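Worksheet: the structure to be examined is printed underneath.
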There are 2 protein chains.
Amino acid sequence: MMTRDQILDAAAQIFRQKGYHAASMQDIAAAVNLQKASLYHHVSSKQEILLALLDQALELLFERISEVSNQSLAPDEKLRQMMRAYLKAMTDHFDLATVLLLEHRSLEPKLHARHIPNRDRFEALWRDVINEGLDAGAFQCSDPALTVRGLLGVMNWTITWYRPNGALTIEQIADQFASLFLDGLRRR
Amino acid sequence: MMTRDQILDAAAQIFRQKGYHAASMQDIAAAVNLQKASLYHHVSSKQEILLALLDQALELLFERISEVSNQSLAPDEKLRQMMRAYLKAMTDHFDLATVLLLEHRSLEPKLHARHIPNRDRFEALWRDVINEGLDAGAFQCSDPALTVRGLLGVMNWTITWYRPNGALTIEQIADQFASLFLDGLRRR
DNA sequence: ATAAACCTACCGAACGGTCGGTAGATTAAG
DNA sequence: CTTAATCTACCGACCGTTCGGTAGGTTTAT
């Protein structure tokens with residue numbers, strides 16, 4: 001017997017591989033050994049699958065990052081740990097994270113609007129740690145919001161090229177990115 | 001009368017807005033006031049449109065960046081200028097750049113394979129400037145290839161949130177990202 | 001000069017196929 | 001016996017693409 005979660009997992013994988021619009025309900029059905037019509041016993045539409053995946057992904061990432069962000073650590077160390085946690089969570093849930101980052105624009109406008117506030121709550125976690133560092137005099141930067149976008153850019157783009165059997169573990173990648181962001185490229 | 005270039009321009013805009021698979025030949029035809037059958041007088045298939053756009057985008061970006069990269073500048077200044085040029089070129093050709101970065105995976109495998117070497121030539125421009133900086137003792141980093149990926153990540157992700165009427169110009173954004181990468185976040 | 005031949009640009013209609021989704025019968029589980 | 005799960009069969013809409021044809025300008029042959 002098939003559960004809704006199994007269907008969502010399979011859908012995430014197929015959405016990741018093909019993209020939302022190129023993936024068909026037929027594809028998803030085949031992946032869980034069902035007929036296409038049988039999917040509609042568990043989900044109400046293709047859009048609903050996408051929405052469920054986006055919510056699930058964002059909730060998971062938010063939880064993992066806020067765990068770290070609630071610890072009392074020095075800002076630089078906290079930032080490093082948050083980057084570790086984020087990249088680890090994304091690669092642990094590769095399909096889900098890829099759908100979140102690359103397919104969210106396939107949500108119909110109405111559902112998409114409902115999704116944005118969650119994004120903002122997530123971004124706030126990163127803005128907070130930057131501001132902590134600035135207040136403590138440990139960080140320097142002229143535009144925290146832009147710094148957050150840069151930070152998320154590096155990490156989000158990672159899932160477009162990361163492959164689990166690469167030379168570096170995701171922890172090593174996270175540490176190098178953290179060092180790069182904290183200390184910069186210029187030698188002195 | 002309609003030219004092939006006008007059709008490609010319209011296609012780029014629609015591919016950017018909807019994504020390749022969600023965009024139909026009908027959409028493109030309507031955008032240039034033609035019947036969809038008439039498109040096939042100018043292009044041979046939807047895939048061919050995508051391939052033409054990707055080639056065009058990569059050629060344009062490569063040209064703009066190599067112009068800067070061929071100048072003899074100090075590595076840190078050269079990197080800054082390359083980042084400026086890249087972000088400027090991407091926002092000057094927003095539709096084209098978005099298609100390049102987000103829709104290249106919609107190319108059929110055969111065409112996609114033919115596209116990869118061009119990507120590598122482009123990435124090499126960035127690897128070279130990092131290595132120049134290392135050789136000159138101006139830069140420090142343990143893994144140049146990973147640094148390049150971080151660099152491209154920040155910049156590539158920019159087109160997912162950048163809007164031309166934002167508070168910052170693209171030059172300001174480029175400069176701040178360059179400073180962030182060169183000097184880091186940590187105060188000292 | 002003129003008419004035949006050709007070319008470019010476009011159109012309406014249609015093709016085979018796939019899409020997301022529905023209706024209703026059938027099977028499996030408790 | 002009931003209800004949850006899955007099936008077969010089907011729907012209208014739309015997909016990318018092809019086809020036959022046409023209007024009108026340009027070239028070629030006489």
Side-chain angles (χ1 to χ4, degrees), chain A residues 1-55 95 99 102-112 114-115, chain B residues 1-55 95 99 102-112 114-115:
Chain A
M1 198 201 51
M2 213 43 63
T3 72
R4 180 182 158 100
D5 277 348
Q6 285 175 278
I7 291 172
L8 292 181
D9 283 354
Q13 187 182 336
I14 292 172
F15 286 174
R16 195 243 320 148
Q17 289 166 343
K18 301 190 165 191
Y20 176 79
H21 280 106
S24 71
M25 294 298 275
Q26 187 72 259
D27 293 334
I28 300 170
V32 292
N33 282 103
L34 285 183
Q35 295 301 312
K36 175 177 69 152
S38 309
L39 294 178
Y40 288 88
H41 185 70
H42 303 276
V43 302
S44 68
S45 73
K46 194 185 175 186
Q47 277 284 307
E48 195 220 11
I49 295 179
L50 180 57
L51 181 61
L53 291 177
L54 294 180
D55 284 348
D95 296 332
V99 171
L102 301 182
E103 305 299 334
H104 69 99
R105 70 210 181 103
S106 296
L107 257 192
E108 284 165 8
K110 201 157 195 171
L111 299 177
H112 194 269
R114 194 147 63 73
H115 187 66
Chain B
M1 198 201 48
M2 215 40 66
T3 72
R4 180 183 158 101
D5 278 348
Q6 286 175 279
I7 292 172
L8 292 182
D9 283 353
Q13 186 181 338
I14 293 172
F15 286 174
R16 194 242 324 146
Q17 288 166 344
K18 301 190 164 189
Y20 176 78
H21 280 106
S24 70
M25 294 298 273
Q26 185 73 258
D27 293 332
I28 299 170
V32 292
N33 283 104
L34 286 183
Q35 296 301 313
K36 67 173 170 170
S38 309
L39 294 179
Y40 288 86
H41 183 69
H42 303 275
V43 301
S44 69
S45 72
K46 194 183 175 188
Q47 277 284 307
E48 195 220 12
I49 295 179
L50 180 57
L51 181 61
L53 292 177
L54 295 180
D55 284 349
D95 296 333
V99 171
L102 300 181
E103 306 298 334
H104 70 100
R105 70 210 181 102
S106 295
L107 257 192
E108 283 166 7
K110 201 156 195 172
L111 299 177
H112 194 269
R114 195 147 61 76
H115 186 66

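Predicted, not measured: the structure shown is a model, and the values here were computed from it. Just so we're on the same page: letters track the sequence lines, and every chain starts at 1.
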Compare side-chain N and O positions of Gln35(B) against OP1 and OP2 of dG12(C) and report whether any pair is under 4.0 Å apart. yes

In chain order, what residues pass the salt bridge (charged side-chain N to carboxylate O under 4.0 Å, His left out) check against Asp9(B), with sequence neighbours excluded? none

Given 3.5 Å as the limit, does a donor-acceptor pair link the side chain of Gln47(A) with the main chain of Ser106(A), or not? yes

Rounded to the nearest 0.5 Å, what separation is found between the CG atom of Leu51(A) and the CD atom of Glu108(A)? 10.0 Å

Partner residues of Lys36(A) under the salt bridge (charged side-chain N to carboxylate O under 4.0 Å, His left out) criterion, sequence neighbours left out: none

Sub-3.5 Å pairs of nitrogen or oxygen atoms, protein against nucleotides 26-30 of chain C:
none

Student check: side-chain heavy atoms of Leu39(B) and Met2(B) closer than 4.5 Å: no

Do any of residues 3-15 of chain A sit with a heavy atom less than 4.0 Å from DNA chain C, and if so which? none

Leu8(A): what forms a side-chain contact (heavy atoms from CB on, under 4.5 Å) with it, not counting sequence neighbours? Arg4(A), Asp5(A), Ile49(A), Ala52(A), Leu53(A), Gln56(A)

Gln6(A) side chain vs Thr3(A) backbone, donor-acceptor pair below 3.5 Å: yes

Rounded off to whole Å, could you give me the CD-to-C1' distance for the Gln47(A) and dG20(C) pair? 11 Å

Residue pairs, two or more places apart or on separate chains, that pass ring pair (Phe, Tyr, Trp, His ring centres under 6.0 Å) and touch residues 27-54 of chain B: none

According to the salt bridge (charged side-chain N to carboxylate O under 4.0 Å, His left out) rule, which pairs have a member within residues 20-32 of chain B, sequence neighbours left out? Lys18(B)-Asp27(B)

What I want to find out is whether Glu103(A) reaches Arg105(B) closely enough, with some N-O distance under 4.0 Å, to be called a salt bridge. yes

Applying side chain to side chain donor-acceptor pair (under 3.5 Å) to Gln17(B) and not counting sequence neighbours gives none

Contacting residues from residues 36-45 of chain B, given that a heavy atom lies under 4.0 angstrom of DNA chain D: Lys36(B), Ala37(B), Tyr40(B), Ser45(B)

Can you measure Met1(A) atom CE to dT3(D) atom P for me and round it to whole angstrom units? 18 Å

Non-neighbouring partners of His112(B) that pass side-chain contact (heavy atoms from CB on, under 4.5 Å), sequence neighbours left out: His104(B), Leu107(B), Ile116(B)

Inter- and intrachain pairs under ring pair (Phe, Tyr, Trp, His ring centres under 6.0 Å), touching residues 10-35 of chain A, at least two apart: Phe15(A)-Tyr20(A)

Those residues of residues 20-34 of chain A lying under 4.0 Å from DNA chain D by at least one heavy atom: Leu34(A)

